[in-house]
Amino acid sequence: MHGEYKVPGGKLVVVDFDVVDGVIRSPRVAGDFFLEPDEALGDLDRALDGLPAASDAKTIAKAIAAGLRPDAVLLGFSPEAVAVAVRRAMTDATGWANYEWEIVHDAAVPPRTHLALDEVLAGRVGDGRRKPTLRFWEWDESAVVIGSFQSVKNEVDPEGAARHGFEVVRRISGGGAMMMERGNVVTYSLYVPAELVQGMSFADSYAFLDDWVLQGLRNLGIEATYQPLNDIASPAGKIGGAAQKRLGNGGVLHHVTMAYDLDNAKMLEVLRIGREKLSDKGIASADKRVDPLRSQTGRSRAAIIESLKQTFAALYGATPGSVSADELAEAEALVESKFATKDWLYRVP
């Protein structure tokens, strides 16, 4: 068995082993990580040897941590990373290099159509009818996009939204409400096969799928990091957040919205940001929560997107693509039957 896991922001962990009578045997941990002292590498192998092959990641990580000598220092990886590599070896996990990737950056469509395209394209990747894809969104309208399980009345001030020209729409993924003002956000969606994140927890998969954008932001001079569960941040503040949906056919939707510029006063009028949420984030006021890309880079939104596209293409060999006519038609039909309906928008009033 062979498993690999690239730690987001860290190093590659590789595990090879046999499975004999349902037990891990002859394990060998390797990678480009740092480990002191040298003898601690044998601790990793001995901790894995004899574990039931059906062990979950928490059990594996606990066994590794317990088996390490007290003075062991792990840099660029962790017992949890080794556990993920083991679990990926036991599944049909794949890596980025196993696929041909497309980058889509088409003209603007209405917010509801963007949301419908997310469902359509993720479904097609799951069905094997589309290559795994990175899609950047273009906007010529403003919208508040709420999470699949959020209450409209709890998240949005209808008078403020109407006054500032924000349509309210609901996406298929969970997470929180996003105020998406035209020209002031950078939004992208990844449509990937479930095999790419096989063996990872949901939390691990969030960071794994956005590791490329952290590299892209660093290329722009931003000290970007991932803050569990789903925030992209820098020392200056939060940049954006991610959300994810896994479809029954094996397609995975992972999308991110980052603030390019932000009118904090407008945000407070459009969104109902409760005291509990601010307290949980350890922030005194909502207008201190987000530090946008414009202030951190001084670059135009278009230049930032182009740089991120170049990073993704360089890492994974992606080529330009576009949404096909029949994909767009399917999305527009889904807008009419689902995303434009009150039943969908007010599924949680």
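Bear in mind the structure is a predicted one, so any value in this text is a computation, not a measurement.
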Test salt bridge (Lys or Arg N to Asp or Glu O under 4.0 Å) on D261 and R294 and set out the steps. CA-CA 6 Å; D261 203 356; R294 182 177 183 179; 2.9 Å; yes
Check the pair V252, L247 against side chain to side chain contact (heavy atoms under 4.5 Å, CB included), reporting the backbone distance first and the verdict last. CA-CA 6 Å; V252 177; L247 305 184; over 6 Å; no
Given side chain to side chain contact (heavy atoms under 4.5 Å, CB included), test V192 with H254 step by step and report yes or no. CA-CA 8 Å; V192 307; H254 180 92; over 6 Å; no
One pair to check against side chain to side chain contact (heavy atoms under 4.5 Å, CB included): W139 and N184. What are the steps and the verdict? CA-CA 9 Å; W139 301 80; N184 280 340; over 6 Å; no
Working note: R171 + E119, criterion salt bridge (Lys or Arg N to Asp or Glu O under 4.0 Å); need CA distance, chi angles, decisive distance, verdict. CA-CA 9 Å; R171 61 180 184 266; E119 185 169 339; over 6 Å; no
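For the pair T257 (side chain) and T187 (backbone), a donor-acceptor distance under 3.5 Å is absent. In terms of modelled atom types and a separation under 3.5 Å, the side chain of T133 and the main chain of K131 share a donor-acceptor contact. The backbone N or O of D291 sits nowhere less than 3.5 Å from a side-chain atom of S295 that would complete a donor-acceptor pair. Within the 3.5 Å criterion, the main-chain N or O of G123 finds a donor-acceptor partner in the side chain of N249. Of the possible polar contacts, one joining the R170 side chain to the S148 backbone as a donor-acceptor pair under 3.5 Å is found. The backbone N or O of V29 sits less than 3.5 Å from a side-chain atom of D45, completing a donor-acceptor pair. Within the 3.5 Å criterion, the main-chain N or O of S55 finds a donor-acceptor partner in the side chain of R87. Judged purely by atom type and a 3.5 angstrom limit, S205 has no side-chain atom pairing as donor or acceptor with the backbone of M200. Looking at R301, its side chain does come within 3.5 Å of a backbone N or O of V185 through a donor-acceptor pair. A donor-acceptor pair is defined here as one N or O able to donate and one able to accept, closer than 3.5 Å; no such pair exists between the side chain of E332 and the backbone of A329.
No close placement of the H255 and Y188 rings is indicated, their centers lying 6.0 Å or farther apart.
Hydrophobic clustering keeps V144 apart from F339 (ILVMFWY residues linked when any side-chain heavy atoms are closer than 4.5 Å, directly or through intermediates). Clustering ILVMFWY residues whenever any of their side-chain heavy atoms sit less than 4.5 angstrom apart, transitively, puts L328 in the very cluster that holds L115. V104 and L196 are assigned to two separate hydrophobic clusters, defined by single-linkage of ILVMFWY side chains at heavy-atom distances under 4.5 Å. Under the 4.5 Å side-chain heavy-atom criterion for Ile, Leu, Val, Met, Phe, Trp and Tyr, L229 and F149 are members of distinct hydrophobic clusters. In terms of hydrophobic clustering, with Ile, Leu, Val, Met, Phe, Trp and Tyr side chains grouped at heavy-atom distances under 4.5 Å, V169 and I146 are assigned to different clusters.
Side-chain contact between E306 and Q310 is present, with heavy atoms from C-beta onward closer than 4.5 Å. Side-chain contact check for V15 versus R28: every heavy-atom pair is 4.5 Å or farther apart. The shortest distance between side-chain heavy atoms of R135 and W137 falls below 4.5 Å. Side-chain atoms of M267 and M179, non-hydrogen and from C-beta on, do get closer than 4.5 Å to each other. The shortest distance between side-chain heavy atoms of L51 and V23 does not fall below 4.5 Å. I60 is not listed as a side-chain neighbour of V84, based on a closest heavy-atom distance of 4.5 Å or more. Taking the side chain as every heavy atom from C-beta outward, L190 and F312 approach each other to under 4.5 Å. For the pair H105/K309, a side-chain contact is recorded, criterion being any heavy-atom separation below 4.5 Å from C-beta on.
Taking both residues in full, the closest heavy atoms of A81 and V13 are given as CB-CG2, 4.2 Å, listed atom of the first, atom of the second, then distance. Between M180 and V145, the closest heavy-atom pair is SD-CG2, 3.5 Å. When all heavy atoms are compared, the tightest approach of Y99 to E195 is OH-CB, 3.8 Å. In plain terms, the two heavy atoms of Q296 and S234 that are nearest each other are OE1-OG, 3.0 Å. Taking every heavy atom of both residues into account, S300 and Y260 meet most closely at CA-OH, 3.3 Å. Here the shortest heavy-atom pairing between A331 and L117 reads CB-CD2, 3.7 Å.
Taken to the nearest 0.5 Å, the CD1 atom of I172 stands 11.0 Å off from the CD atom of Q244. Residue L271 holds its CG atom at 12.0 Å from NZ of K266, rounded to the nearest 0.5 Å. Taken from CZ in R272 to CG in D157, the straight-line distance is 4.5 Å, to the nearest 0.5 Å. Note: S201 OG to D56 CG = 11.0 Å, rounded to the nearest 0.5 Å. Note that the CD atom of E181 and the CG atom of L262 stand 8.0 Å from one another [nearest 0.5 Å]. Between D106 atom CG and E138 atom CD the span is 9.5 Å, to the nearest 0.5 Å.
Ion pair R163/E269 flagged as a salt bridge, since at least one NZ, NE, NH1 or NH2 atom sits closer than 4.0 Å to an Asp/Glu carboxylate oxygen. Classification of K238 and D231 as a salt-bridged pair holds, one side-chain N sitting under 4.0 Å from a carboxylate O.
Qualifying side-chain contact (heavy atoms from CB on, under 4.5 Å) partners for Y346, counting only residues two or more places apart in sequence or in other chains: V152, K342.
With 3.5 Å as the limit, one finds a donor-acceptor pair spanning the side chains of S324 and D326. Of the N and O atoms on the side chains of D118 and S189, at least one donor lies less than 3.5 Å from an acceptor on the other residue. In summary, the side chains of D263 and H164 do not present any donor paired with an acceptor at a separation below 3.5 Å, with no hydrogens or angles considered. For the 3.5 Å distance criterion, the side chains of E102 and T319 fail to qualify, holding no donor opposite an acceptor. Residues T225 and Q227 bring a donor and an acceptor atom of their side chains to less than 3.5 Å of each other.
The list of ring-ring contact (aromatic ring centres under 6.0 Å, His included) pairs with a residue in residues 49-96, not counting sequence neighbours, reads F33-F77, W96-W101, W96-F208, W96-Y316. Applying the ring-ring contact (aromatic ring centres under 6.0 Å, His included) test to pairs two or more places apart or on separate chains, none has a residue in residues 228-247.
Each of L293, I304, I305 was checked for a side chain to side chain contact (heavy atoms under 4.5 Å, CB included) with R299, and the lone residue meeting it is I304.
Grouped by direct or indirect side-chain proximity (heavy atoms under 4.5 Å, Ile/Leu/Val/Met/Phe/Trp/Tyr only), V335 sits alone.
By the neighbour-count criterion of 12 heavy atoms within 6.0 Å, atom CZ of R218 is densely surrounded, having more than that number from other residues, nucleotides or ligands.
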List the atom pairs, donor and acceptor, that lie under 3.5 Å between side-chain atoms in residues 3-11 and the rest of the protein, sequence neighbours left out.
unit_1 : atom_1 : unit_2 : atom_2 : d
E4     : OE2    : H2     : NE2    : 2.9
K6     : NZ     : G10    : O      : 3.1
K6     : NZ     : D211   : OD2    : 3.4

Per-pair distances, 0.1 Å, donor-acceptor, side chain in residues 64-74, under 3.5 Å, sequence neighbours excluded:
unit_1 : atom_1 : unit_2 : atom_2 : d
R69    : NE     : D43    : OD2    : 2.7
R69    : NH2    : D43    : OD1    : 3.0

